[in-house]
Protein chains: 2
Amino acid sequence: MNLQTPFALPDSEADDRAQLIRDRLRDAIVDRRLGPGTKLSEGEVGAIFNVSRTVVRAALQMLSFEGLVRSERNRGAFVANPTIEEARQVFASRRLIEPGLVAAACERVTVSDISAFRNQLEKEAGFLSQRGPSARRSEIKASGDFHLLLAAAAGNAILQRFMEELVARSSLVIALYGRSGVSSCGHSEHMAIVDALERRDVPTGQELIIHHIGHIEADLDLRTTDGLALKDALGI
Amino acid sequence: MNLQTPFALPDSEADDRAQLIRDRLRDAIVDRRLGPGTKLSEGEVGAIFNVSRTVVRAALQMLSFEGLVRSERNRGAFVANPTIEEARQVFASRRLIEPGLVAAACERVTVSDISAFRNQLEKEAGFLSQRGPSARRSEIKASGDFHLLLAAAAGNAILQRFMEELVARSSLVIALYGRSGVSSCGHSEHMAIVDALERRDVPTGQELIIHHIGHIEADLDLRTTDGLALKDALGI
DNA sequence: CGCCATAATATTGCATACGATTTCACCTGT
DNA sequence: ACAGGTGAAATCGTATGCAATATTATGGCG
């Protein structure tokens, strides 16, 4: 467990340590420092963050609601291992919700929203030009953050929370089933979407985001692994 | 607190008492035995269900994630009091998601799904013909269950969970802002939707559900209460 | 040599204990 | 009579302890 937090929580004035631990764990999961299936022992996590199991349990329960962690009774909590079916459902949900976000965002987007988008796009470009696993992770995170920015711009707190969950789960799915690592073509698509938002061009924006989600999903290997694949596994 | 559970949990062999308590509380909230703003004290709830505060806290945390309960640090948990803005967002979310559910459900409904729908419709009719506050509550619940059935028929577990949250929150919103109590016209609309599902008629089904959601929302009083209303309040 | 039964160990589920914070009642002073 | 302050009671946040369950190690047996 490399959470780069060897000592007690330094920050912040904001109480609620469970939330803080949840955020740390979530970050670690979505940028794959904690891989699917990793056990998150209450005692161990508590020791790392210098808190009792009580507050760790609260954090793990939150992550379990978000679908990032699977809790088994009397066995503990593990980083989720989404099945292919779950992966499909994540993307089906995104295909349903994100065009709606684009429509809402087109209506109410402000100049400061747009500049936040541009800022995010520059960050993406920065990570793209770098090399190394750390930049890779940052790139994945930045790519997800773009969609979260879209959700925020839509101005619906409920849908925003749904999207937070979907984006986080997507990153798990990509970790498990991603083929080429990162779909680097995503950046230009994000740019085109921002352009459409700025023009308040709903149909174009929706078409772009649908294609974009399609590209992300197309980069996954979601072939069902039953029947024939079993033989393959035995053959090896 | 009238949760009609004066003694220890009778059922069931199924472990996880926190989940059971969450379900009980949620039922009480969505059928308005617990009104918005009601305090849910950990100790009190624990005494009712004969469990420690630990497990009550877990249940309340779950409800707080679902938006049915608002938790304030060092103050406790209260049945949520959605604002008008939140109410609008709940219905905006439903307008986005439910047509997608109809489309998915049309593709994959089975005959047993249809009969489940018909069964549900009969239940609704039964409550409609009765009088009294208890039948009223059952009617509200049954009306929500119809939409949950739709979500289940769509076959996407993630969207199903989102809908569970949205339906539950809708019932809170109706409790707060409902005008005529119950939109009794809903029943015939539900029937028409089931007919469309059976014919696998996506466009009609989507149009029907959009109108249906519109009718539910139209029965609310979501006029914003700022500016002028302040004067009114002072005038009284 | 491998396999199953059994004991030792670790981990979770839950209750309880205690300090911290809030709430409420009461009281005093103006 | 009322505003504001003070103290008691209630409630929450968190740590810890114990029983129950799962996991791992050990040893006997086929």
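Every value quoted in this text rests on a predicted model; they were computed, and no experiment measured them. So you know, we letter chains A, B, ... as the sequences are listed, proteins then strands, and number each from 1.
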Trainee: From the list C/dA15, D/dA22, D/dT11, which nucleotide is the closest neighbour of the side chain of B/Lys39?
Mentor: D/dT11
Trainee: Using whole Å, report how far CZ of B/Phe49 lies from P of C/dA15.
Mentor: 14 Å
Trainee: Reading DNA chain C from 5' onward, which residue's closest nucleotide shows up sooner: B/Ser52 or A/Gly43?
Mentor: A/Gly43
Trainee: From the options C/dT16, C/dT12, D/dT14, select the nucleotide whose nearest atom is closest to the side chain of A/Glu42.
Mentor: C/dT12
Trainee: From C-beta outward on B/Arg17, which listed nucleotide comes closest to its side chain: C/dT22, C/dC14, D/dA22?
Mentor: C/dC14
Trainee: For the backbone of A/Arg179 and the side chain of A/Asp221, can you confirm whether one donor and one acceptor N or O come within less than 3.5 Å of each other?
Mentor: no
Trainee: From the options D/dC12, D/dA15, D/dT21, select the nucleotide whose nearest atom is closest to the side chain of A/Asn74.
Mentor: D/dT21
Trainee: Just call it for B/Arg57: base, sugar-phosphate, or nothing, with non-hydrogen atoms closer than 4.0 Å on any strand.
Mentor: base
Trainee: Nearest nucleotide by nearest heavy atom, which residue falls closer to the 5' end of DNA chain D, A/Arg73 or A/Val55?
Mentor: A/Val55
Trainee: Can A/Glu85 and A/Arg88 be counted as an ion pair, charged N to O under 4.0 angstrom?
Mentor: yes
Trainee: Please assess B/Arg57 against A/Arg57 for the test side chain to side chain contact (heavy atoms under 4.5 Å, CB included), listing each intermediate value before the final yes or no.
Mentor: CA-CA 11 Å; B/Arg57 276 178 80 80; A/Arg57 276 177 80 83; over 6 Å; no
Trainee: Counting any heavy atom closer than 4.0 Å, what does B/Arg53 reach on the DNA or RNA strands: base, sugar-phosphate only, or nothing?
Mentor: base
Trainee: Does A/Leu25 form a side chain to side chain contact (heavy atoms under 4.5 Å, CB included) with A/Leu60? I'd like the steps, not just the answer.
Mentor: CA-CA 9 Å; A/Leu25 287 175; A/Leu60 291 175; 4.0 Å; yes
Trainee: If you apply the rule salt bridge (Lys or Arg N to Asp or Glu O under 4.0 Å), what do you find for B/Asp27 with B/Arg24, and how did you get there?
Mentor: CA-CA 5 Å; B/Asp27 281 354; B/Arg24 286 280 182 88; over 6 Å; no
Trainee: Which of parallel (below 30°), tilted (30 to 60°) and perpendicular (above 60°) describes A/His147 and A/His190?
Mentor: perpendicular
Trainee: Produce the list of close N/O pairs, under 3.5 Å, pairing protein atoms with atoms of nucleotides 7-10 of chain D; give distances to one decimal.
Mentor:
none

Trainee: Expressed in angstrom and rounded to an integer, what is the separation of A/Gln61 atom CD from C/dT12 atom P?
Mentor: 15 Å
Trainee: Please give, in whole Å, the distance from D/dG13 C1' to A/Leu20 CG?
Mentor: 16 Å
Trainee: Given atom CD1 of A/Ile21 and atom P of D/dG13, what is their separation to the nearest angstrom?
Mentor: 15 Å
Trainee: Determine the sole option in A/Glu66, A/Glu86, A/Glu164 for which the salt bridge (charged side-chain N to carboxylate O under 4.0 Å, His left out) test with A/Arg169 is passed.
Mentor: A/Glu86
Trainee: Could you tell me how far apart B/Glu72 (CD) and D/dT11 (C1') are, to the nearest whole angstrom?
Mentor: 13 Å
Trainee: Which whole-number value in Å describes the distance from B/Leu40 CG to D/dC12 C1'?
Mentor: 14 Å
Trainee: Specify the separation, in whole Å, of atom CG of A/Asn50 and atom P of D/dT14.
Mentor: 14 Å
